[in-house]
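Note sheet for the following structure.
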Amino acid sequence: MKRIGILTSGGDAPGMNACIRAAVRAALANNLTVVGIRRGYTGLIATDTVPLDRAAIRNIIHQGGTILETSRSPDLYTREGRLRVAEAIGKMGLDGVILIGGDGTFHGASLVAADTDTAPLVGVPGSIDNDVYGTDYCIGFDTAANCAVEAIDRIRDTARSHERLFFLEVMGRTAGFLALESGIAGGAEELIIPEEETSIAPMSERIRKGFDIGKKSAIVVVAEAKTPGVSFQIAGEVKKHLDLDSRVVILGHLQRGGPPTLRDRVLGSSLGVAAVEALLEGRSECMVGEVGGALAYTPLEETWKKKKPLNENLRRIFSILSD
Ligand code: F6P
């Protein structure tokens, strides 16, 4: 192992830069040369690279986004695209590649590994959605969840001043992790997540009862699920059951930006080092994550094929506290 590549792919997540920095430092400490691959798989196919030396990773630990830039590339879903990826890795003379991203990134990587004779690939989970199987937390989730909590706190001030009902829509695609944890931390009254059915009439009744017993505001945290903007429709349906002044806030990409929290910097740093060590130990086609505080290696194929379950205890806690 002499020369490795690092790329970020899929949605950017705060803490990716901390991870790049850690991987580069760990690699340099082991006398490896590091090549930064720009713009995810799109840049990989185009062999669009930057050298990653000590100077390149200076002063980035606190920056959101990714210095390597990123993309969502459909190329991996054709055999021709996968061959081009393997060919580019060969052309760049890489003995291993670290891929920081989410389930889509690992789906692509496992297809490449299955279809070609590529150099070892090691994944690091980076996604605000936190929906990657094989790790308790993905890089970026904590920062995004804290952003949602701050939004809930701010909305609470105006909601209680006007005795209003708010629907706050958070990201997460088909997973409710962001909604659940920010809902608990923000003291939300209701949660609408893709993992479960929500009946509008009983939910509206619970909100009404809350106001009857003296509440001055109610916040429903809505996971965007497959239809970003769905909160407007939900608010419309609730209106049929509940005569309350309501507003909708869609947090959107605000959640993806900003400086990473301590947790995301530490997770990014720890997994960045672990990814380099995994390559040096001869591991391949796996993702390095953290489960119960310990490093865990999961075959890339499992990371996207298996559904990561919501933490049932946290779900139970939300129900108790929002009652
Ligand atoms: O996967 C991360 C994520 O932020 C999802 O929560 C969201 O649905 C999606 O990316 C948005 O993607 P884009 O930035 O391409 O609009």
Side-chain angles (χ1 to χ4, degrees), residues 7-17 19 38-43 63-77 99-110 123-152 167-183 191-195 221-234 248-261 263-264 267-268 271 287 289 300 303-308 310:
L7 63 77
T8 49
S9 162
D12 61 293
M16 280 182 165
N17 285 330
C19 185
R38 298 185 58 249
R39 301 182 290 121
Y41 289 115
T42 308
Q63 287 174 21
T66 158
I67 58 160
L68 291 176
E69 301 178 33
T70 184
S71 64
R72 298 188 196 279
S73 164
D75 294 317
L76 286 291
Y77 300 102
L99 309 108
I100 310 167
D103 54 351
T105 302
F106 303 147
H107 188 169
S110 61
V124 178
S127 166
I128 67 160
D129 301 344
N130 202 32
D131 57 348
V132 178
Y133 182 88
T135 192
D136 290 340
Y137 287 103
C138 294
I139 298 164
F141 170 76
D142 190 66
T143 309
N146 273 292
C147 172
V149 173
E150 189 187 335
I152 295 174
F167 297 86
L168 174 75
E169 186 172 309
V170 298
M171 279 186 164
R173 222 189 279 268
T174 52
F177 296 96
L178 265 178
L180 174 58
E181 293 209 24
S182 59
L191 186 65
I192 300 184
I193 50 177
E195 286 83 354
V221 177
V222 182
E224 62 175 3
K226 285 185 184 142
T227 327
V230 67
S231 299
F232 286 105
Q233 187 196 325
I234 293 170
V248 172
V249 173
I250 300 186
L251 218 41
H253 289 78
L254 277 175
Q255 292 156 101
R256 286 237 301 257
T261 57
R263 285 261 59 86
D264 278 330
L267 183 64
L271 295 183
M287 179 195 81
L300 281 177
T303 63
W304 57 272
K305 268 196 178 163
K306 290 194 176 172
K307 171 102 180 132
K308 178 172 168 183
L310 270 192

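The first residue in the sequence is number 1, and the count goes up from there. Below, each value reflects all heavy atoms present in this structure, side chains not excepted, and no hydrogens, waters or symmetry copies. First listed ligand is number 1; within each ligand, the first listed atom is number 1.
The shortest heavy-atom distance from Gly172 to ligand 1 is under 4.0 Å. By the 4.0 Å heavy-atom criterion, Gln255 is excluded from the residues contacting ligand 1.
The shortest N/O to N/O separation between Arg256 and ligand 1 falls below 3.5 Å.
Scanning the protein for heavy atoms near atom 10 (O) of ligand 1, the closest one is Arg72 NH2, 2.9 Å.
Looking only at side-chain heavy atoms (C-beta outward), Ser127 and Asp103 stay at 4.5 Å or farther from each other. Side-chain contact between Leu310 and Ile193 is present, with at least one heavy-atom pair separated by less than 4.5 Å.
Around atom 2 (C) of ligand 1, the closest heavy atom drawn from Leu178, Asp129, Asp131, Asp12 belongs to Asp129.
Ligand-side atoms of ligand 1 in range of Glu224: 5 (C), 6 (O), 7 (C), 8 (O), range being under 4.0 angstrom from any heavy atom. Distances below 4.0 Å separate heavy atoms of His253 from the following atoms of ligand 1: 13 (P), 14 (O), 16 (O).
Residues in residues 248-261 take part in these salt bridge (Lys or Arg N to Asp or Glu O under 4.0 Å) pairs, two or more places apart or across chains: Asp12-Arg256.
A salt bridge is defined here as a Lys NZ or Arg NE, NH1 or NH2 lying under 4.0 Å from an Asp or Glu carboxylate O, and Glu69 with Arg39 fails to meet this definition.
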Point to revise | Intermediate values then yes/no, side-chain contact (heavy atoms from CB on, under 4.5 Å), Asp131 and Lys308 | key: CA-CA 6 Å; Asp131 57 348; Lys308 178 172 168 183; 5.6 Å; no
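Of all heavy-atom pairs between Ser182 and Leu178, the closest is OG-O, 2.6 Å.
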